[in-house]
Undergrad: 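Once you've had a glance at the structure underneath, I'll fire off some questions.
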Amino acid sequence: MNIAKVIVDVPARQTDRAFDYLIPEDYYGLVQPGVRVIVPFGPRSLQGFVVGVESSSNVEKLKAITQLLDIEPILNEELLQLGKWVTEQTLSYQISSFQAMLPAALKAKYEKEVELIKPEQLSFMPVTLQKLFQQSLTVSWGNIENEPGLMKSIQKEIGNGNVEVNYVVKARGKKKTHKVLFFNSTNEEARTLLDTMSSQAARQKEVIEFFLDKQIKEVPRITLKNELSTTDSPIKALIEKGILTEKDKEIYRDPHANREFKRTQPLPLTEEQSNAIIPILHSIEHNQHQTYLLYGVTGSGKTEVYLQSIEEVLKKGQQAIVLVPEISLTPQMVERFKGRFGSSVAVLHSGLSIGEKYDEWRKIYRKEVNVVVGARSAVFAPFENLGIIIIDEEHESSYKQEENPRYHARDVAIYRGSFHQCPVVLGSATPTLETFARAKKGLYELLPLSKRMHDKGMPAVDIVDMREELREGNRSMFSSLLFEKLQDRLEKKEQTVLFLNRRGYSTFIMCRDCGFVVTCPECDISLTYHRSQQLVKCHYCGYEEPVVKQCPSCQSDHIRFFGTGTQKVEEEIGKLLPEARIIRMDVDTTSRKGSHEKLLTAFGEGKADILLGTQMIAKGLDFPRVTLVGVLTADTMLHLPDFRSSEKTFQLLTQVSGRAGRHELPGEVVIQTYTPEHYSVELASQHNYQDFYLREMGIRKLHQYPPFFYVTLITVSHPEITKVVAVTEKISTYLRSNLSSQTIVLGPAASPIPRIKNRYRYQCMIKYKDEPQLRSYLKDLMDHYQKEMQQELQITIDMNPYMIM
DNA sequence: AGCACGCCGACT
DNA sequence: GTCGGCGTGCTC
């Protein structure tokens, strides 16, 4: 058993398999599946994952593992197996799946450096080299690659055998440590010590007394110095005498260090909640895998059901994973879990730094916590005795990873739930059609919560037809109804949330004389005007340029800004209601770390009357003084070329409406739209999921979309349009001729965004009911285009797309 | 992904 | 003749 099977850190088709390496004698028994190693690969050094250990290999000339990075496997058997499954399901590379399961800190960083191996030859080398190696024998490649002269001399010395190129693997995540002092004596020893010590050593005595007083055996050096306001010298003396020892001890960066969480007790459950929790508790008790759909409106008390289920799991000595959408990982949510379970909760979300995430992850890995609350990737938390997995707001699109591996957290959760024989609870007021259909079919168990807590009814919703407003001469972005209510709230000192799904100032800029539209030179997308910076930006590639005052095509100055973004609304409110205090939340105001939280806290403290924002304000917020919610244009999403657009609109509107009146004050909702008759708008205003579900299912069935059919989307991109069309054409022909006659292959068709960053994009959509061979055909396709994909051609395959772009 | 190897054009 | 362009194929 001295051969290791290693998956190396090269995400490419040709290297997506295990390579064999010799295990050096020193590492016998230590190299086991799931550990990370450093191995030579061609001329380089790479990080890799050991996936197997065997006693023989078919390869003649084996190289040996250079370094072992983990003493304990970083991926246990279950996770290795899960990684393989994810790879197969999503058609990605094994290495990508492994990396997706671990915190970024564990991903290697590579550096190329040159080393002077014969220092005695230095004096014969050019002065430039002598200077270069003056400080150290190794110099990073970055220092020389941009200096052609230096490069030449280095190359010559490499030829002479005096200098060598090394590829070093650098760890990214550093464990943060601090110095801790350990007290080695018993109390009695210490007392006799105190007597025998010289009276000169007053400071040292103080230190010993400190340990005796506090009855502790260890203390961080910093703490000791602060408490006794002493210096290093007495400590050093004690260390030399052997009374104290000093060690580096790992500490965790605690993102919630300065926050107190008030401990909460389980709340009495309503009858509905009790009915919902009974089957879950039953599954927990009997180690049964079952997927539940906790179907409850906003404010119906889903969280309490989660909390009490987890409590049961913890009582059994098992662990729990709670997934929440990235955006709702607000302090409010974290607070509820930390409040109930205290320090046994780890929190994982994108707001943490790489180091902080690593720390939280290690708490899980070392079983120091039993509960993890986190976004999508937390589904891979390395717990070994899972008792429950909860996915809150199951319908949220952020559970789908939009890069390789393109996995859906819900699928992973159910897979792990089956492995651990534990329940998976999906919670939502507006479940995805797929999930609700499965619940209806009995594949999942439906647990309804129909009533809002504290007998609060759903807020009243008014739909305003903006075409009507226009006919009556109201050209502003506020209907008279919404404006009236807005004024009313300002007078009553109550708060309003305004929702608009577009950032920036205006959505497109057109010349009224010749019809010229300002578009991105690299993407076929109109540019958005950002007024505060006087720039136009592309929301897809980030391109920006100064705003034009004259039409670039006909020089006319009849330039007009069409469409409305958050910036424009902010400005407009400023004009109409100058006394209103507004907080604007969109990508532009929340890109800095922590700003998201800061803005919400400010709003919660009543520092503003109006919260204006995009998508990101729709979820999870719960502010008692919000009594009015306005949706400025409900149909922005409705007309996207995506079979889920109605569903997404319905979910969003329902979600937003749920923000109003969650507490004592009754809430009102105003939805402005140009298509008031559309069923997603109408049914959302009535909070009527059931009818929406039936209506939408009819449409899905008619057009052969999920949940009736599976969908796979292939996107081809290349700088030349002819190439893109040709390849997409070939792919669809190939699939058509190989797949069953019930399967529908659509395309080639231009993608909804036909060009991004100078690359043309075409798509081919496969709709199928049963196609067991599909994955292998797609693999063959990828193999066939492998060479071209190493150059300009890009083919992405999404086995269950959530965005058709 | 890198990198070496290898085969064709413009130059000391 | 050689230096260097990037197409091709390999990495245990």
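Note that this is a predicted model, so its numbers are computed, not measured. Note that these values count all heavy atoms, side chains included, but never hydrogens, waters or copies made by symmetry. Here is how names work: the chains are called A, B, and so on, in the same order as the sequence lines, proteins then strands, and each is numbered from 1.
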Undergrad: Can you tell me how far P of dC12(C) sits from CD1 of I23(A), to the nearest Å?
TA: 16 Å
Undergrad: Nearest whole angstrom, please: distance from the P of dC12(C) to the CD1 of I65(A).
TA: 13 Å
Undergrad: Please check: side-chain N/O of Q32(A) versus main-chain N/O of V53(A), any donor-acceptor pairing under 3.5 Å?
TA: no
Undergrad: Going by atom types only, do Q94(A) and R17(A) share a side-chain donor-acceptor pair under 3.5 Å?
TA: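 Their side chains do not contain a donor-acceptor pair, so the 3.5 Å distance test is not met.
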Undergrad: Dump the intermediate steps for salt bridge (charged side-chain N to carboxylate O under 4.0 Å, His left out) on R376(A) and E402(A), then the final yes or no.
TA: CA-CA 11 Å; R376(A) 180 179 59 232; E402(A) 287 299 339; over 6 Å; no
Undergrad: Taking atom CZ of F133(A) and atom CG of N162(A), what is their separation to the nearest 0.5 Å?
TA: 10.0 Å
Undergrad: Between Y785(A) (OH) and dT8(C) (C1'), how many Å, whole number?
TA: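 After rounding, the gap between these two atoms is 19 Å.
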Undergrad: Given atom CE of M789(A) and atom P of dT8(C), what is their separation to the nearest angstrom?
TA: 17 Å
Undergrad: Can you tell me how far P of dA1(B) sits from NZ of K787(A), to the nearest Å?
TA: 16 Å
Undergrad: Hey, mind stepping through E78(A) and R416(A) against salt bridge (charged side-chain N to carboxylate O under 4.0 Å, His left out) and telling me if it holds?
TA: CA-CA 9 Å; E78(A) 185 217 345; R416(A) 290 196 80 184; 2.9 Å; yes
Undergrad: Please report the distance, rounded to the nearest Å, between CG in D783(A) and P in dG9(C).
TA: 14 Å
Undergrad: Can you classify the ring geometry of Y399(A) versus H408(A) as parallel (below 30°), tilted (30 to 60°) or perpendicular (above 60°)?
TA: tilted
Undergrad: For DNA chain B, find the residues of residues 25-58 of chain A with a heavy-atom distance under 4.0 Å and give them by number; none if there aren't any.
TA: P43(A), R44(A)
Undergrad: Expressed as a whole number of angstroms, how long is the span from E60(A):CD to dT11(C):C1'?
TA: 16 Å
Undergrad: Taking OP1 and OP2 of dG2(B), is either one under 4.0 Å from a side-chain nitrogen or oxygen of K112(A)?
TA: no
Undergrad: Take R410(A) and E434(A) through the test salt bridge (charged side-chain N to carboxylate O under 4.0 Å, His left out) and record every step on the way to the result.
TA: CA-CA 11 Å; R410(A) 190 205 303 127; E434(A) 285 95 323; 5.8 Å; no
Undergrad: Looking at Y760(A), is R755(A) sitting on its ring face, NZ or CZ under 6.0 Å from the six-membered ring centre and within 45 degrees of the normal?
TA: yes
Undergrad: Residues of residues 5-19 of chain A with any non-hydrogen atom less than 4.0 angstrom from an atom of DNA chain B: list those, numerically ordered, please.
TA: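 Close to the strand are V10(A), P11(A), A12(A), Q14(A).
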Undergrad: Counting only side-chain nitrogens and oxygens, does K63(A) get under 4.0 Å of the OP1 or OP2 atom of dC12(C)?
TA: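 Result: yes.
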Undergrad: Considering residues, nucleotides and ligands other than E25(A), do more than 12 of their heavy atoms fall under 6.0 Å from its CD?
TA: no
